[in-house]
There are 2 protein chains.
Amino acid sequence: MEDEVDRLVSAWRRERPDLDVEPLEVLSRVSRLARHLDRARRLAFAEHELEPWEFDVLTALRRAGAPYQLSPGQLLTQTLVTSGTMTNRIDRLAKKGLVQREPDPSDRRGVLVRLTDEGRDRADEALAGLLEQERAILAELSRTQRRELADLLRQLTAPFDNTPG
Amino acid sequence: MEDEVDRLVSAWRRERPDLDVEPLEVLSRVSRLARHLDRARRLAFAEHELEPWEFDVLTALRRAGAPYQLSPGQLLTQTLVTSGTMTNRIDRLAKKGLVQREPDPSDRRGVLVRLTDEGRDRADEALAGLLEQERAILAELSRTQRRELADLLRQLTAPFDNTPG
DNA sequence: TCCAACTATCTCGATGTCAAGAGACTTCAC
DNA sequence: GTGAAGTCTCTTGACATCGAGATAGTTGGA
């Protein structure tokens, strides 16, 4: 089946036959798919009255394991946002009672963000909903294909994830 | 090589051993990779003094072929943004002299957005720069692997691209 | 002990995006 | 032809994000 990127690539081949646009076959699909996923996730989370950004922060804390605490700095690196954004997010989540800010006992500059019981429950519910939806999207592929796809993607993400930049 | 999603998945397996988190192996990688690509693209375009959103609009027009005209509505479907956003983008591109708004001769509700000569040149330059950068990112993979990856991704994007939703 | 360099978090202003709805025009059934 | 429904673009207000800089605290060498 044809997709939008097939149309995009053939348009470029017509307009710029001098250029090799093969990279777009992979990377434009990644970008567009991510865009579609964002929308789908927004819908899935709406059932649990959570925004995608709230999910990102809550689940980062959830994954940390009891006592569900991380510093804002640790949350930054996991969520790929800037520090100003994270401060704002923590403020709003705290106001909703899903997280709590506490002073870091070992560094007075620092803060620890801790999941409340309600925050933990909301994260767990939303994760279950997300996985259900993602399984439906991935039903297009066989188990083997999903494995192949994950492995190929890992080769592309690893350099980004394992360098300081 | 391990990436951030491997760490994320193993954290979930430790914290929620009751859940099957296999879907994340694929879709979290897609989202994170898209995030990294956004940043990389921003850098590549900065050399041509273009923002990513400007590139998206200019190249959509460029791909349309001479006379490089599309309606705002056609631009919407290609760029996956809302109509309010597109109005704003066209305004700003017009102010910079990269596009021009013209009345649609066949529908008086409508407008046609047309690339100026400068807009066309800027789009061409930026595309060349982008392709160069993307080739570097994809150098991790063999030609065959890139083909496989593109084909697998197409299976996931096609349902989104070929349904009204 | 003191100071410079560094680190962690927060503040602030600018900006791009979205969602909802308004206004103008077109289409189609009757 | 006429009116209702549909379509296309633009307006508006709210909001999350970014980037740069400010503030407070820590660290290590002289």
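Numbers restart at 1 for each chain; the letters A, B, ... are given by sequence-line order, proteins then strands. Note that these values count all heavy atoms, side chains included, but never hydrogens, waters or copies made by symmetry.
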Nearest whole angstrom, please: distance from the [atom2] of [N] to the [atom1] of [X].
X: B:R39; N: D:dG19; atom1: CZ; atom2: P; value: 8 Å
X: A:E51; N: D:dA14; atom1: CD; atom2: C1'; value: 12 Å
X: A:L93; N: D:dA16; atom1: CG; atom2: C1'; value: 13 Å
X: A:R42; N: C:dC18; atom1: CZ; atom2: P; value: 9 Å
X: A:E102; N: C:dA8; atom1: CD; atom2: P; value: 19 Å
X: A:R108; N: C:dC6; atom1: CZ; atom2: P; value: 23 Å
X: B:D104; N: C:dA24; atom1: CG; atom2: C1'; value: 14 Å
X: B:D38; N: D:dG19; atom1: CG; atom2: P; value: 12 Å

Quiz item: When you measure from the side chain of B:T116 to the backbone N and O of B:G97, does any donor-acceptor pair fall under 3.5 Å?
Solution: yes
Quiz prompt | Main-chain N/O of B:R114 paired with B:E102 side-chain donor or acceptor, under 3.5 Å | solution = no
Exercise. Sugar-phosphate atoms are those with a prime plus P, OP1 and OP2; base atoms are the rest. Using that split, label each nucleotide of nucleotides 3-13 of chain D B, S or - for protein heavy atoms under 4.0 Å, 5' to 3'.
Key: ---BB-SBB--
Practice problem: Taking atom CD of A:E125 as the centre, report whether more than 12 heavy atoms of other residues, nucleotides or ligands fall under 6.0 Å from it. | Solution: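 Yes, the 6.0 Å shell around CD holds more than 12 heavy atoms from other groups.
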Quiz item: Thinking salt bridges, do B:R41 and B:E134 make one under a 4.0 Å N-O criterion?
Solution: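 Salt bridge between B:R41 and B:E134, a charged N being under 4.0 Å from a carboxylate O: yes.
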Exercise. Report yes if the side chains of B:L75 and B:D56 come closer than 4.5 Å at any heavy-atom pair, otherwise no.
Key: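 No, side chains not in contact.
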Quiz prompt | Joint hydrophobic cluster, A:L19 plus B:F55, side-chain heavy atoms closer than 4.5 Å | solution = yes
Practice problem: Answer yes or no: does a side-chain N or O of B:R92 lie under 4.0 Å from OP1 or OP2 of C:dT17? | Solution: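 Looking at the OP1 and OP2 atoms of C:dT17, one of them is under 4.0 Å from a side-chain N or O of B:R92.
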